[in-house]
Amino acid sequence: MSPVWQVVVGAIVAVGVLWIVLVVTFYLLGRRHDDPARLRDALRLLPDLVRLLRRLAADRSLPAGVRARVVLLVAYLALPVDLVPDFIPVVGYADDVVVVIWVLRSVTRRAGPDALDRHWPGTPDGLRTLRTLAGLST
């Protein structure tokens, strides 16, 4: 087998193993009944999260660095170029979720949890889940 094919087969095997690990991880996270930030709950937050990001980016009372992070996050999510291509099952969207959580934690540390509370357009349950994802105790 040529070296090029060895690399291709190795990459396919690595992606397959990573995909299996992520599927098992998401499955186990979904089975935990004491965890309010289950994947299913996080997916329900998506429409409210989009509105939250728009509101945070437009709030002139927040520091410019916070607004810049939010704008860069929205740009990253809108661009077709991605760290891991979205056509790869599970893994393709997992990197987007990690980036969103990372930015939410950063925004919360800099702007404070009251910024999330003030701009959150959804339900109190959704806010509790968001606060858990952002690393805040509820």
Side-chain angles (χ1 to χ4, degrees):
M1 188 181 319
S2 73
V4 172
W5 282 109
Q6 289 176 348
V7 170
V8 169
V9 169
I12 290 171
V13 169
V15 168
V17 168
L18 184 59
W19 183 79
I20 290 169
V21 167
L22 282 172
V23 167
V24 169
T25 302
F26 287 147
Y27 174 75
L28 293 175
L29 284 175
R31 291 190 62 207
R32 288 179 55 189
H33 298 293
D34 60 335
D35 185 7
R38 294 185 309 241
L39 181 62
R40 186 175 354 140
D41 294 336
L43 290 176
R44 289 184 191 140
L45 296 177
L46 191 58
D48 292 331
L49 185 60
V50 170
R51 287 192 298 260
L52 173 70
L53 293 175
R54 183 183 52 79
R55 290 177 180 182
L56 287 171
D59 185 357
R60 297 276 180 199
S61 69
L62 295 177
V66 169
R67 293 192 326 264
R69 287 179 197 133
V70 173
V71 169
L72 289 173
L73 171 65
V74 171
Y76 170 77
L77 294 174
L79 287 175
V81 178
D82 215 346
L83 292 175
V84 179
D86 290 337
F87 65 82
I88 298 174
V90 179
V91 181
Y93 292 104
D95 70 316
D96 294 339
V97 171
V98 169
V99 171
V100 168
I101 291 171
W102 177 73
V103 170
L104 280 176
R105 287 177 181 232
S106 174
V107 165
T108 303
R109 278 194 306 272
R110 181 77 169 100
D114 60 322
L116 293 180
D117 298 344
R118 189 172 62 245
H119 292 292
W120 180 247
T123 65
D125 288 337
L127 180 59
R128 273 195 299 279
T129 301
L130 179 73
R131 291 174 64 86
T132 300
L133 290 172
L136 300 170
S137 59
T138 53

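From a predicted model like this one, the values you see are computed outputs, not experimental measurements.
If you chain together hydrophobic residues whose side chains sit under 4.5 Å apart, L52 and L77 fall into the same group. Criterion: ILVMFWY side-chain heavy atoms under 4.5 Å apart, direct or through other members. Under it, W5 and I12 are part of a common hydrophobic cluster. Two different hydrophobic clusters hold L56 and V50 under the rule that ILVMFWY side chains link at heavy-atom gaps under 4.5 Å.
Summarising the local packing, CZ of R51 is surrounded by more than 12 heavy atoms from other residues, nucleotides or ligands at distances under 6.0 Å.
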Discussion item. For a side-chain contact (heavy atoms from CB on, under 4.5 Å) check, start with the C-alpha distance between L116 and L136, then their side-chain angles and the critical distance, and finish with the verdict.
Written reply: CA-CA 11 Å; L116 293 180; L136 300 170; 4.3 Å; yes
Fill in: CA sep, side-chain torsions, deciding dist, call: D117, R131, side-chain contact (heavy atoms from CB on, under 4.5 Å)
CA-CA 9 Å; D117 298 344; R131 291 174 64 86; 3.0 Å; yes
Mind listing the side-chain donor-acceptor pairs of residues 59-74 below 3.5 Å, one per line with the distance, residues two or more places apart or on another chain?
from : atom 1 : to   : atom 2 : distance (Å)
D59  : OD1    : S61  : N      : 2.9
D59  : OD1    : S61  : OG     : 2.6
D59  : OD2    : S61  : OG     : 3.1
D59  : OD2    : R118 : NH2    : 3.3
D59  : OD2    : H119 : NE2    : 2.7
R67  : NH1    : L62  : O      : 2.7
R69  : NE     : S106 : OG     : 3.3
R69  : NH1    : S106 : OG     : 3.4

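When the options I101, L49, D48 are evaluated for a side-chain contact (heavy atoms from CB on, under 4.5 Å) with L130, the one that passes is L49.
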